[in-house]
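Bear in mind that the values here come from a model prediction, so they are computed numbers and not experimental data. A, B, ... follow the sequence lines: proteins, then strands. Residue 1 opens every chain.
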Amino acid sequence: MSGSLTLAGDLLLIMLDDATGRLRVRPRVAGYGLAGALLIELWWAGLVAVDARRIRVLNRRPPDDPLLRRLLGSMMTEPERTGIGGWVEYLATGAVEDVAGRLVETGWIRVEQRLGLSGRHPVFVPVDRSAVFWRAGRLAGQAGRVPTWVDLALYGLLDAVGVASQTVGCLAASGAGHRLAAGPGRLPAQPPPVVAVCGQVQALVARAAISLR
Amino acid sequence: MSTTLAGNRLGALSVAGFALTAAAPMLVVGGVVPTGWAVTGTVAVSVAMLVIAAVLAVFCVGYVTMARHVANAGSLYTYVAHGFGPVAAVAAAFVQLLAYSMMQVALYGIGGVQAEAVLGDLLGVDAPWWVWALGAWVAVTVLGTRGVGVSSRILAVAVAAELVLVVIVAGIDLAHPAGGTVSFAALDPGGLDLSTFGVVLAIGVTAFIGVEAAPVYSEESRRPRSTVLTATFVALGLMTVAYVLVSWAMTVTVGPERVVAVAGELGPDMLLVPAAAHVGGDLLVDAGHVLLLTSIAAGMLAYHNAVARCAFALGRERVLPGVFGRTSPRSGAPIAASLAQSVCGLIVVIVVAVAGWDPMTRLFFALGTTGALGVFTLITAASASVVGFFGRDRRGEGLWATRLLPGVATAALVGCVGLIVANYTTLIGVGADSPARWVPGVFVVAGGLGCGYGWWLRAARRGVLARVGHGANAALLPTEAPAAPVEVA
């Protein structure tokens, strides 16, 4: 593996079952989580401003990362569209493939096509299975330590897509409880843009649960 | 909206299709309509259903208009939250859970009886109704945990097949009118009186339940201002045409003077037997029997999902324990909410079976009629909420859609609820002085408990009360009590 992991990349690795390479959540839900992570990456890079409900381009300087560059370009073509939820929904389409592409380039996973009942579908096989498994273990190990905002964002997104307890929670040290377990909006130190994006992801995941689609 | 963002949005026909998955054409024209003829003793059931559709159409104008301004628009209690406040909404939510649950569990009665007759014959299996009912319960429980979307695809196939068959039956009936003359007696409003209308209301409203679900897709639709309105009226119109056309066609082939007698004699087979006699063979009857079973199963699944969605939204809002607001990561289904409804159904089926009660009268008629009354009351409350919501501020919407039509709809719906209550004992087949006449009071109790709980929330957990009516979007509101500050690196 080479290159540091992005927030979205870390999220995808934790959402993967390291044994089977399959997503632990539905692709649509994974897409929402990854779209949220990409928006947070844009905010962290100083390229967009995020408040409670809206997101807008702040800096038109093209980022180095090709994926972020493409996303920023999409946002600049629709300056009147400022709702966070709308952009999460839009970016969710293809987010899994886009982020997986990044991880393939940095040597974390390889994509294989497997035949299932509904036809061919991709599975994301870890190149180093223990390294992928450790991503969740590393996050769980933050219990009892001062978390970084990145870890807070990561946990918030995992909670929003509904796999936090399944991945990180079960590994957390029980004694001190899980300081990250309060979730989005419950830790005042969590940056407001992260709270806003995680909230929108959570709302979209909940809506997907009751939609007939 | 750009094509990129609009690419995944729903059009009116898609939304209408989702609303129609809750329709059960075979159950309505095969079960509800003949029951209406037999119970009322009049042929005017078809025109009564036209009147119900007209009242609901007037209601839908204000309902859909308000949906543009509220989140979680597919749940009736949401409208009460925005019209009359969160305490009233909690009361409405309790009534909603109870009413839809009753509607779902009631179908185990007719489902078990029909399956015993049809499948027992087809498969040569001699088993009592409750065995078949429990089989259906297992199927609904499993599908309920697989996700609402999976269920909807199954429902869509079932509804499409049913619509094809009932249209074929209607065609055969109209081609073979009794005495060689096509009679329009079933469409004559002169045959409808208040008492008849009251009876038909309770059983007829079940035919249209599902049309209120279209606003769930407000936020996913291509043109928020028009898509849901168009879809709602397309769904309502299709249901109305199908039900009225087929029920009228049945009276044409049987003859209006024989309708009541034949309905009492044949029951659900009244849809199939006369038509089959014209074309010969058993294929039509056998296919119809199987599709009637799928129609009942589709109704079970649709109401099951309705209860699960409501409980899920209440769990997200923390009105119910948070476990109800969680989904299975793999299927995305609201697992706890779905299983809770399954447990309720299982308990009721076991009680009826052990007590040896008649599943048709105790489950289907009594529970179904009571549930329909609850749903109709909720629709009335939602209509009144539209008036309340736009009362001071029309929020840029037209006068007709915000005040005039909702006012007319509310008055009509209040009258309808009164008629159902007045004819309740007739509907469930008991005497006017039977203690069972107090059963509708169960909704007063549920509403009262909801109010009490709402007042307690106001006193003890204001943050939860502020989230009522937001459903899936409750995550966008601040949580109740911030945790202790955490130092961040």
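Centroid-to-centroid, the aromatic rings of B:Tyr63 and B:Tyr79 come within less than 6.0 Å. Outside the 6.0 Å centre-distance limit, the rings of A:Trp134 and A:Trp108 are not counted as a close aromatic pair.
For chain A, the nearby parts of B:Arg330 are the backbone and the side chain; heavy atoms of each come within less than 4.5 Å. If you measure heavy-atom distances from A:Leu23 to chain B, the contacts under 4.5 Å come from the backbone alone.
With chain B as partner, the option from A:Ala52, A:Ala203, A:Ala30, A:Ala196 having the largest number of non-hydrogen pairs under 4.5 angstrom is A:Ala203. Among A:Gly162, A:Ala206, A:Gly85, the residue making the largest number of heavy-atom pairs under 4.5 Å with chain B is A:Ala206.
For the side chain to side chain donor-acceptor pair (under 3.5 Å) test, residues two or more places apart in sequence or in another chain that qualify with B:Ser328 are B:Ser331. Listed by chain and number, the residues in a side-chain contact (heavy atoms from CB on, under 4.5 Å) with A:Pro62 are A:Arg69 (sequence neighbours excluded).
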